[in-house]
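A short write-up of the structure that comes next.
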Amino acid sequence: MTVICDSSVLIALSSIDMLNLLQNICKNENLFIPKAVWNEVVIEGKDRPGAL
């Protein structure tokens, strides 16, 4: 199965320093972060609190 992650999950987990939970939950699955989501969270949101 493929798990598609949206920005709200990344932002919420990052803000509480728990991104590893996503890896743990999806360790036997394919985790897919769309390029648009990556850009929103990492590129455009780089200066925001909790940025990756």
Side-chain angles (χ1 to χ4, degrees):
M1 177 177 14
T2 299
V3 176
I4 301 173
C5 190
D6 68 359
S7 60
S8 61
V9 172
L10 295 175
I11 293 167
L13 290 175
S14 177
S15 69
I16 60 171
D17 197 28
M18 296 299 284
L19 277 173
N20 62 323
L21 286 179
L22 189 58
Q23 287 180 312
N24 292 340
I25 292 170
C26 300
K27 65 182 171 187
N28 295 322
E29 310 296 337
N30 294 318
L31 179 61
F32 179 72
I33 300 172
K35 188 173 183 173
V37 171
W38 179 264
N39 286 336
E40 178 184 350
V41 175
V42 178
I43 307 300
E44 296 170 16
K46 67 180 178 183
D47 296 324
R48 295 180 184 161
L52 300 175

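The figures here come from the full heavy-atom set of this structure, side chains too, leaving out hydrogens, waters and symmetry mates. Along the sequence shown, residues carry numbers from 1.
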Show which residues join I4 in its hydrophobic cluster (side-chain heavy-atom contacts under 4.5 Å, direct or indirect), or state none.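 Hydrophobic cluster check, I4: joined to F32.
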
Closer than 3.5 angstrom, by distance alone: can the side chain of S14 be matched with the main-chain N or O of I11 as a donor-acceptor pair?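 No, S14 side chain to I11 backbone: no donor-acceptor pair under 3.5 Å.
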
Give a yes or no on whether N20 atom CG has more than 12 heavy-atom contacts from other residues, nucleotides or ligands under 6.0 Å away.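 Yes.
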
Where do C5 and P34 come nearest, in terms of heavy atoms and distance?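 Minimum heavy-atom contact is O-CD, 3.4 Å.
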
Between S7 and V37, what is the shortest heavy-atom contact and its length?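 That closest heavy-atom pairing would be N-CG1, 3.5 Å.
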
L21: side-chain contact (heavy atoms from CB on, under 4.5 Å) partners, not counting sequence neighbours: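 Residues passing side-chain contact (heavy atoms from CB on, under 4.5 Å) with L21: L13, M18.
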
Quick check for you: to the nearest 0.5 Å, what is the distance between E29 atom CD and L22 atom CG?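 Here the rounded value is 11.5 Å.
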
Say you draw a straight line from CG of L19 to CG of L10; how long is it, rounded to the nearest 0.5 Å?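 One finds 6.5 Å between CG of L19 and CG of L10.
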
Any side-chain heavy atom of N39 sitting closer than 4.5 Å to one from K35?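 Yes, close enough: below the 4.5 Å cut-off.
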
Cluster check I25, L31: I/L/V/M/F/W/Y, side chain < 4.5 angstrom: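 I25 does not cluster with L31.
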
